[in-house]
There are 2 protein chains.
Amino acid sequence: MKHPKKKRVTLQEVAKHAGVSTATASLVVRNNPRISDKTRKTVMNSMKELGYVYDRVAANLRSQSSNTVGVIITDISNKFISEFLVGVHETLEEVGYTVLLGTSFDSLAKQDHLLSTMLEHRVGGLILDPVSGSNAETVNRLNQMNTPMVLAVRELPEVKSDYVGINYRKGSLMATKHLIDKGHKRIAFLGGVRTSSTWIERMDGYQYAHDNAGLIIDNNLVVDSPPTREGGLEAVLQVLRNPDPPTAIFCFNDLVAFGVMQGLRMEGFNPGQDIDIVGFDNIPESDVYHPPLTTVSSFPRQTGVEAAKLLLQQLSDDSHEQQRLILEPELIVRESA
Amino acid sequence: MKHPKKKRVTLQEVAKHAGVSTATASLVVRNNPRISDKTRKTVMNSMKELGYVYDRVAANLRSQSSNTVGVIITDISNKFISEFLVGVHETLEEVGYTVLLGTSFDSLAKQDHLLSTMLEHRVGGLILDPVSGSNAETVNRLNQMNTPMVLAVRELPEVKSDYVGINYRKGSLMATKHLIDKGHKRIAFLGGVRTSSTWIERMDGYQYAHDNAGLIIDNNLVVDSPPTREGGLEAVLQVLRNPDPPTAIFCFNDLVAFGVMQGLRMEGFNPGQDIDIVGFDNIPESDVYHPPLTTVSSFPRQTGVEAAKLLLQQLSDDSHEQQRLILEPELIVRESA
DNA sequence: CTGAAAGCGCTTACAG
DNA sequence: CTGAAAGCGCTTACAG
């Protein structure tokens, strides 16, 4: 874990080489205007000549500041999350922050460990996409350290914090209503983890759309599963064993929808013709899938941008009021429903 | 960019609270065995009571060591890269390293800037997925700082460094040969940036397969494009305008293949029936696409794992010899060819 | 506009 | 097994 290096050139050496004091050299590296142009040039030359590299770690230690931000996510390979990260990165790097990234692989223990590590690394703030089982205690350590935090993607009950997420309920409502408007009365809801806030909110919208139309949900048509293609495949096979199968399917996300379509084909159905399908997320593949998937667009990149912006606000403003930002989704109608 | 915090509890305060010297407290946090169990417990209790958080930054500064690793990638939203990152992360976090992640968004200027930032942050080592235009100079600064580095995914000519990548040439050879064996004589090669090492190597394999079979390449059938779905779409539309169109298509990667299939459908062809398609990468979607895509599997996650391992080797072994690790791809035959 | 000295929170020899 | 003092590479008042 340790790795001593060849000695770095220090600011002191630069100062000596340039014939000024260390304090002056320090002011030069930080572009302080009260240094004369002449001195500045001399020092800059010495820096170049000696191959000086600024030691941000030492500087941050002394000035008790930080220009790193910790970001903890559950799974990079999830397309929603990786797009989210793009948004976070472009916003944070733009203003000179460096990102410490940790992946919890959906393990609470790993998440706890990463939180500790980030605090030990003196991050200026933190963006957290929490694992499902996260509780208030997990997160309170941050408040104790007085480290600004933004929660993203998944909301945590009982945790007071800035939050950026999608209006899953509304998205789910739109998707379900679209299917009802097409005349469907038996609409399955497949995939997703029943205990997660993201599932519960979708269930809410699905329920509400039914209520509005005076329709009753057949609980046999609601099957949870991991939010993956494999999960969707299993869920649809289970629901098809039903004596009275659904005529349309609302899927937890697009990956689940792909699995569902695969399962339908295996069972001899023609997705989009025999059975209508709606997904959620609008991942790039949904557009080129066969048939193109009707889905709810959920703006992962913008979610990342907003999360980063909220954090930057906290970082620059101590009297920052707690904010909750919910991005509105959009229904993208294609051929699958 | 700065954000002064509420004062942290220091090791000194812990030591005073526990009635020992700072040195002793320091040995306790680092689990040094030469501290008696009794003292250790007292100190641990004080730490808990005061809410002490270890300051790794100060520790690293003093001991001239580092437990961070910089990772610079071109684009997180690329599936190959995000899977690669998963491999890097799981390997590095396992042994206690923290990842500083930077995204160059394929810009040389941004990459240069990120390199500087990482060095300023005293990273122990670096994994770099270089942007196309990177030159030796870009990278030599690292050598000057004596910072261990591993190049990944794209190789850089004239740069001496550990490298982990895929045998693109072999993969391309297998894909092309598969099409030739199926009786095709006019095989297009679509997509990818002509100047990138990854394109050149694929071209090489494509060429070699033709040579072996005594076939001649029609240069009108070789169309480059961005390595995206949109790129594939445009490339296939262009190649179809050919008076003598291809009977099979080898695509730069799976995304390109998806765009190609979309274009074929637009033009009234039935991909996998009228025209055979082979992709490259074996992204998860290739399996569930319709028709399922014949493609070359390129093990992005393992590439990440190996890159991290090589870096760890360098970090723990000064006399480390330069290594070049090329992962062998695999042809996955599905229904599209 | 510039310099000498103290200090950020740790670790590292060196004593005992 | 434990302690007092110096130092990692910077920045920060304070003088001048």
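Letters go in sequence order (proteins before strands), and every chain restarts at 1. Computed over heavy atoms, backbone and side chain alike; hydrogens, waters and symmetry mates excluded.
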Peer 1: What residues in residues 18-27 of chain A put a non-hydrogen atom under 4.0 Å from any atom of DNA chain D?
Peer 2: Ala23(A), Ser26(A)
Peer 1: Could you state the CG-P distance from Leu11(B) to dA4(D), rounded to the nearest angstrom?
Peer 2: 14 Å
Peer 1: Under a plain distance cut-off of 3.5 Å, with no hydrogens placed, do Asn67(A) and His121(B) share a side-chain donor-acceptor pair?
Peer 2: yes
Peer 1: Could you state the atom-to-atom distance from CG of Leu61(A) to C1' of dC10(C) in whole Å?
Peer 2: 8 Å
Peer 1: Excluding sequence neighbours, so at least two apart, what forms side chain to side chain donor-acceptor pair (under 3.5 Å) with Ser107(A)?
Peer 2: none
Peer 1: Just to verify, what does Arg324(A) make a salt bridge (Lys or Arg N to Asp or Glu O under 4.0 Å) with, not counting sequence neighbours?
Peer 2: Glu155(A)
Peer 1: With sequence neighbours left out, what residues match Thr303(A) under side chain to side chain donor-acceptor pair (under 3.5 Å)?
Peer 2: none
Peer 1: So, does Ser36(A) get its side chain near the phosphate of dT2(C), meaning an N or O under 4.0 Å from OP1 or OP2?
Peer 2: yes
Peer 1: Think Gln64(A) has a side-chain N or O under 4.0 angstrom from the OP1 or OP2 of dG7(C)?
Peer 2: no
Peer 1: Excluding sequence neighbours, so at least two apart, what forms side chain to side chain donor-acceptor pair (under 3.5 Å) with Thr103(A)?
Peer 2: none
Peer 1: In whole Å, I'd like the distance from the CG atom of Asn31(B) to the P atom of dT11(C).
Peer 2: 12 Å
Peer 1: Distance check needed: dG9(D) P versus Lys16(A) NZ, whole Å only.
Peer 2: 13 Å
Peer 1: If the condition is side chain to side chain donor-acceptor pair (under 3.5 Å), which residues does Thr22(A) pass it with, not counting sequence neighbours?
Peer 2: none
Peer 1: Side chain of Ala58(A) only, please: which of dT11(D), dG9(C), dC10(D) is the nearest?
Peer 2: dC10(D)
Peer 1: I'd like to check the salt bridge (Lys or Arg N to Asp or Glu O under 4.0 Å) partners of Arg154(B); sequence neighbours left out, ordered by chain and number.
Peer 2: Asp106(B)
Peer 1: Just the rounded figure in Å: distance from P of dT11(D) to CG of Asn60(A).
Peer 2: 9 Å
Peer 1: For a stem of at least 3 consecutive Watson-Crick or G-U pairs with distances under 3.5 Å, i pairing with j, i+1 with j-1 and so on, which stems involve DNA chain D?
Peer 2: C:1-3 with D:14-16, C:5-12 with D:5-12, C:14-16 with D:1-3
Peer 1: What's the CD-P distance between Gln12(B) and dG7(D), to the nearest Å?
Peer 2: 17 Å
Peer 1: Whole angstroms only, please: what is the NE2-P distance between His121(B) and dC10(D)?
Peer 2: 14 Å
Peer 1: Taking atom P of dG9(C) as reference, at what distance in whole Å does atom CG of Leu50(B) sit?
Peer 2: 14 Å
Peer 1: Under 4.0 Å from OP1 or OP2 of dT11(C): is there any side-chain N or O of Arg30(B) that close?
Peer 2: yes
Peer 1: Tell me the side chain to side chain donor-acceptor pair (under 3.5 Å) pairs involving residues 82-94 of chain B, sequence neighbours left out?
Peer 2: Glu83(B)-Arg301(B)
Peer 1: I'd like to check Asp55(A) versus Leu61(B) (side-chain heavy atoms, cut-off strictly below 4.5 Å). Are they in contact?
Peer 2: yes
Peer 1: Between dT11(C), dC1(D), dT2(C), which one does the side chain of Ile35(A) approach most closely?
Peer 2: dT2(C)
